[in-house]
Structure formats: structure tokens, C-alpha cells
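Here's the structure we're looking at; comments come further down.
Starting from 1, each residue takes its place in the sequence as its number. These numbers come from the heavy atoms of this one structure, side chains and all, not from hydrogens, waters or symmetry mates.
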Amino acid sequence: MPSFFERLEARVNKIDSLLCLGLDPHPQDLHEQTPQALHDFCLRLLEKTGDQVAAVKPNSAFFEAFGAQGISVLKEVIRAVPDDILVILDAKRGDIASTAQAYAQAAFRQIGADAITASPYLGYDSIEPFLEQPGKGVFMLCKTSNPGSKDLQDMLVSSPGGTDILLYEHVARLAQSWNINNNLGVVVGATHPEALTRVRAAAPDLWFLTPGVGAQGGNLESALRAGLRPDGLGMLIPVSRAISRAADPQKAASELRQAINQERKNITSAPSLFSTHDLHLNMLADMLLESGCVKFGQFTLKSGLQSPIYIDLRQLVGYPKVLSEVANAYLPILQSLAFDRLAALPYTALPIAAVVSLQGSWPMVYPRKEVKEYGTRAQIEGVYKSGEKVAVIDD
């Protein structure tokens, strides 16, 4: 039996579309609050947009709100979806293994979905029952599109390599390693292009379900540039209200599909954009600009030269997240060198070197004594007073 993502890619290639129709029948979208109105709303959208979409994503909550009759409508809607269009049940399940097994049976056998969204925060045994279903798929919550996602998903955690990474990056790495049957993807919101860049670096092979384009304010171009794989695949873009509330849903879906494909063409024609290192540096440059560390104007430098750009890294201490990213940029360079200690030239480089020391587990030259004593780069670079080699971080 083909895997879930083999089936999805077959559909994507057949109609040349990464668009996913989100079926989120909000109460205000129904002409009356009845299961029949719910049914009619969904089938009307399917009829008008089915030829434009690779998948359909019904949100279980809006059907469950109608009780048992709503679940019946959900099953009817899924049965009405053509066989080659994949159905992703947006239910965000997550529980202990025995309960997850029951959820998997309900989603795949009773309701008839092809895939489901699930929470990873109970660990692998809560995801495994969904992954064991032949031909079915899972999109694991990684970095969700809502503003409150930062409360937990942006927390710093220690990686097995000893460096600090964001929690959602750790989730992405887990998903990459758990995807042994080509049936596990991740949910990463289009409202977080930086997160898309990071997750793509952590999980280069996975498919992303990327909500947030349209009503939530996610930028389609930024999302695709950050998240697409080099083959122009790897992302499904679910859109709900921007289609369902359009005067002409068929036209809205067609225009979205065309916009996605045009951007795919632009991106894949410039392979250099897919360098993970370049993407990270571009992201870091944006963060330095937004934090005020990079300024534009007319500046007189210490050398007396005039410059239209001034970089003031002293401000990094007020932006811990940006400081952490600056330190991360040093790691691949330093890991290629042979040295025993770090040293920082006072005073701007001291906080940067301190964070690099924490992330790379390298001891530092004690700044108030040794660096003051040895003074300049020429005096401390290369050999420490004990004979140890020193890597010097400048500002």
C-alpha cells in the first residue's frame, strides 16, 4: 500500500497544487444553526474548489459542536470527497497510548480521514498508534500559527549536542527521526517565517502543514520561501475563510493556487535560496535590524571614516533571543577550529562570547584579569599564558 505522502504527492503532481481547503464552518458562516446547514456549507465549497486542491482539512470542533448529528455530517462530508483528494482531520489529538489507539480507530476507521493532526507533548507512544495505520498520516503540532504559541513552543531546551535550541526545533528533529514510514509531517504556521526556516533546517525531508495564510495574516511568499523543499514540494497550504467567505470561492481558490505555483516557480529557479546557512544568516540580519543593532544614516567611525551603516552590538544584551542567534552563528565556524578557550575583546564581545561558551561548552579566558592583562587581539590571539590555544571573538 502506498504511504500517505506518496498518495499526497501523487495528487499534488496530478493537479499541480499545494492548496488545501480548510473546512472551518464558523457559526456566522451558516445561514442557520442546523446540521443541514453545516452539510450544505461544506458540500458547496467542495463542489466549487475540489479541482483546485490537493487535500481537504475539516476542523472537527465545528462539527462536534452539533453533537452526534455533527459527527454524522462530518462523516458524510468526508465520504463526498473524491478518492484522490486527501482528507486531513484537524482534531489535534494527544493522549496516552491506549487512548491514542482509540482516537486513531475513530479518525481513520469510523470517520474515514486519511490523516490527522496530533500533539506530540505526551511523547512517541502517544503518536505511534496513528503511525501504525497503513496508508494513513499524521501532522504533528510543531510551531502553531496562533500568537500564544510562543508561551511554550519558543522555550529554550538543551539538545543532545549540548546546545540550546527552541522547543519546536526539538519537536521537528523528533519528527524527522520518527518518520520511518513516510507518514509523519509537522504543523508550522505561515505566521512564523523564522520558525519555518528553522524547522526546515531541522527536518529537511518532512511535509509541512502550514496554516495561517489569509485571515490570520500569514504572508504566502515569505512562508513558501522559508518552508519549501528544494523540489518545490513539502508544504500544504490550508486556507479556509479566505476561500469560504469570498464572493466567488471557486475564483479565490484558483487565484490562491496560481499564486502558490508562481512563487514555487520563482523559488525553485533560484536554488541558492535553499542554502540553510544563507537562510539562517538572512533571518539573523532581519533580527539585528529589527532590534536596532543595525542603523542606517551617516556615521563617523572610530577610524574617522564615514559610513552609511552602523552596527551597535552593545544593544544585544537587551534582546536575549537575538543574542542567542548571534552566538549560534559562531558555532559552525568555531567547531571547525582547534582551540582550548574563548576570549572576548572588551566590552561588546563579552556577552556574545559568554553565550557562545554556554552553547558550545568552551571555557573562557577570565575577562577582568587575563583579557585586561593581555589587552589586544594581537597579544591574546593564538597562545594563552598557560600555552593553551585561544579563539578570540571580536565585536
Side-chain angles (χ1 to χ4, degrees), residues 8 11-66 70-91 111-115 117 139 145-146 187 189-191 208-224 235-265:
L8 177 61
R11 172 64 182 178
V12 167
N13 291 329
K14 178 181 177 180
I15 66 165
D16 195 23
S17 177
L18 296 179
L19 183 61
C20 173
L21 173 64
L23 290 177
D24 296 1
H26 292 262
Q28 59 266 41
D29 294 327
L30 306 180
H31 66 273
E32 59 182 12
Q33 302 305 302
T34 64
Q36 186 60 49
L38 180 70
H39 176 275
D40 295 345
F41 172 87
C42 294
L43 289 193
R44 178 179 66 87
L45 281 177
L46 276 173
E47 180 181 356
K48 291 182 176 295
T49 64
D51 61 337
Q52 301 292 322
V53 302
V56 173
K57 184 177 71 66
N59 190 317
S60 182
F62 293 104
F63 296 87
E64 293 176 26
F66 285 88
I71 298 299
S72 295
V73 170
L74 175 59
K75 294 166 70 174
E76 291 172 10
V77 168
I78 291 176
R79 283 197 295 269
V81 177
D83 291 341
D84 60 342
I85 299 179
L86 284 295
V87 177
I88 303 165
L89 182 64
D90 193 358
I111 295 176
D114 297 297
T117 56
F139 283 97
S145 58
N146 59 306
V187 178
T191 49
F208 295 176
L209 184 65
T210 306
V213 171
Q216 293 186 59
N219 181 272
L220 179 62
E221 177 183 350
S222 298
L224 290 168
M235 292 181 74
L236 267 182
I237 311 296
V239 179
S240 175
R241 284 169 283 182
I243 294 176
S244 65
R245 295 179 181 176
D248 186 344
Q250 186 175 31
K251 180 181 178 183
S254 177
E255 289 177 347
L256 277 165
R257 174 178 166 272
Q258 291 175 26
I260 292 169
N261 284 344
Q262 182 59 54
E263 196 55 43
R264 289 170 70 195
K265 182 178 179 181

Seminar exercise, completed: Residues at least two apart in sequence or cross-chain that pass side chain to side chain contact (heavy atoms under 4.5 Å, CB included) with Ala252, listed by chain then number, are Ala246

Do any side-chain atoms of residues 38-47 form donor-acceptor pairs under 3.5 angstrom with protein atoms, and if so which ones, sequence neighbours left out?
| unit_1 | atom_1 | unit_2 | atom_2 | d |
| --- | --- | --- | --- | --- |
| Asp40 | OD1 | Gln36 | NE2 | 2.9 |

Problem set entry | For Pro35 against Val73, the heavy-atom pair lying closest together | O-CG2, 3.6 Å

Exercise. Residues two or more places apart in sequence or in another chain: which of them pass side chain to side chain donor-acceptor pair (under 3.5 Å) with Glu32?
Worked result: Thr34

For this session: Any chance you could measure Ile111, atom CD1, to Ile71, atom CD1, to the nearest 0.5 Å?
Result: 5.5 Å

For this session: Could you tell me the separation between the NZ atom of Lys48 and the CG atom of Leu21, rounded to the nearest 0.5 Å?
Result: 13.0 Å

Exercise. In Å, rounded to the nearest 0.5 Å, how long is the span from CG of Leu224 to CZ of Phe208?
Worked result: 12.0 Å

For this session: Return the set of residues passing side chain to side chain donor-acceptor pair (under 3.5 Å) with Asn146 (not counting sequence neighbours), or none when no residue passes.
Result: Thr144

Exercise. Listed by chain and number, what are the side chain to side chain contact (heavy atoms under 4.5 Å, CB included) partners of Ala253, not counting sequence neighbours?
Worked result: Leu19, Thr49, Gln52, Ile243

Exercise. Between atom CG of Leu23 and atom CG of Asn59, what is the distance when rounded to the nearest 0.5 Å?
Worked result: 9.5 Å

Seminar exercise, completed: Sorted by chain and residue number, the salt bridge (charged side-chain N to carboxylate O under 4.0 Å, His left out) partners of Arg257 (sequence neighbours excluded) come out as none

For this session: In sequence, state the C-alpha distance, the side-chain angles, and the governing distance for Gln250 and Ser254, and then conclude on side chain to side chain contact (heavy atoms under 4.5 Å, CB included).
Result: CA-CA 6 Å; Gln250 186 175 31; Ser254 177; 5.8 Å; no

For this session: Kindly write out the residues that satisfy side chain to side chain donor-acceptor pair (under 3.5 Å) with Asp51, not counting sequence neighbours, or none if the list is empty.
Result: none

Exercise. Do Pro25 and Phe63 have side chains that get closer than 4.5 Å, going by heavy atoms?
Worked result: yes

Seminar exercise, completed: Residues passing the side chain to side chain donor-acceptor pair (under 3.5 Å) test with Glu255, sequence neighbours excluded, are none

Exercise. Does the side chain of Ser244 come within less than 4.5 Å of Asp24's, by heavy atoms?
Worked result: no

Problem set entry | Sidechain-backbone polar pair: Asn261 side chain, Asp16 backbone, donor-acceptor under 3.5 Å | yes

Seminar exercise, completed: Those residues at least two apart in sequence (or on a different chain) that pass salt bridge (charged side-chain N to carboxylate O under 4.0 Å, His left out) with Glu76 are none

For this session: Carefully, step by step, assess Lys75 and Arg79 under the rule side chain to side chain contact (heavy atoms under 4.5 Å, CB included).
Result: CA-CA 6 Å; Lys75 294 166 70 174; Arg79 283 197 295 269; 3.9 Å; yes

Exercise. Going from CD on Glu263 to OG on Ser222, what distance comes out if it is rounded to the nearest 0.5 angstrom?
Worked result: 8.5 Å

Seminar exercise, completed: Gly189 and Thr210 have their tightest heavy-atom pair at C-CG2, 3.9 Å

For this session: Side-chain contact test, heavy atoms from C-beta onward, threshold under 4.5 Å: evaluate it for Pro58 versus Leu74 and give yes or no.
Result: yes

Exercise. With sequence neighbours excluded, what pairs up with Phe62 under the ring-ring contact (aromatic ring centres under 6.0 Å, His included) test?
Worked result: His26

Problem set entry | Pairs satisfying salt bridge (charged side-chain N to carboxylate O under 4.0 Å, His left out), at least one member in residues 239-249, at least two apart | Asp29-Arg245

Side-chain donor-acceptor pairs of residues 80-91 under 3.5 Å, sequence neighbours excluded:
| unit_1 | atom_1 | unit_2 | atom_2 | d |
| --- | --- | --- | --- | --- |
| Asp84 | OD2 | Arg11 | NH1 | 2.9 |
| Asp84 | OD2 | Lys14 | NZ | 2.9 |
| Asp90 | OD1 | Lys92 | NZ | 2.7 |
| Asp90 | OD1 | Thr117 | OG1 | 3.0 |
| Asp90 | OD2 | Lys57 | NZ | 2.9 |
| Asp90 | OD2 | Lys92 | NZ | 3.2 |

Exercise. Between Gln216 and Thr191, is any side-chain donor less than 3.5 angstrom from a side-chain acceptor?
Worked result: no

For this session: Measure across Ala190 and Val213 and return the closest heavy-atom pair with its distance rounded to 0.1 Å.
Result: CB-CG2, 3.7 Å

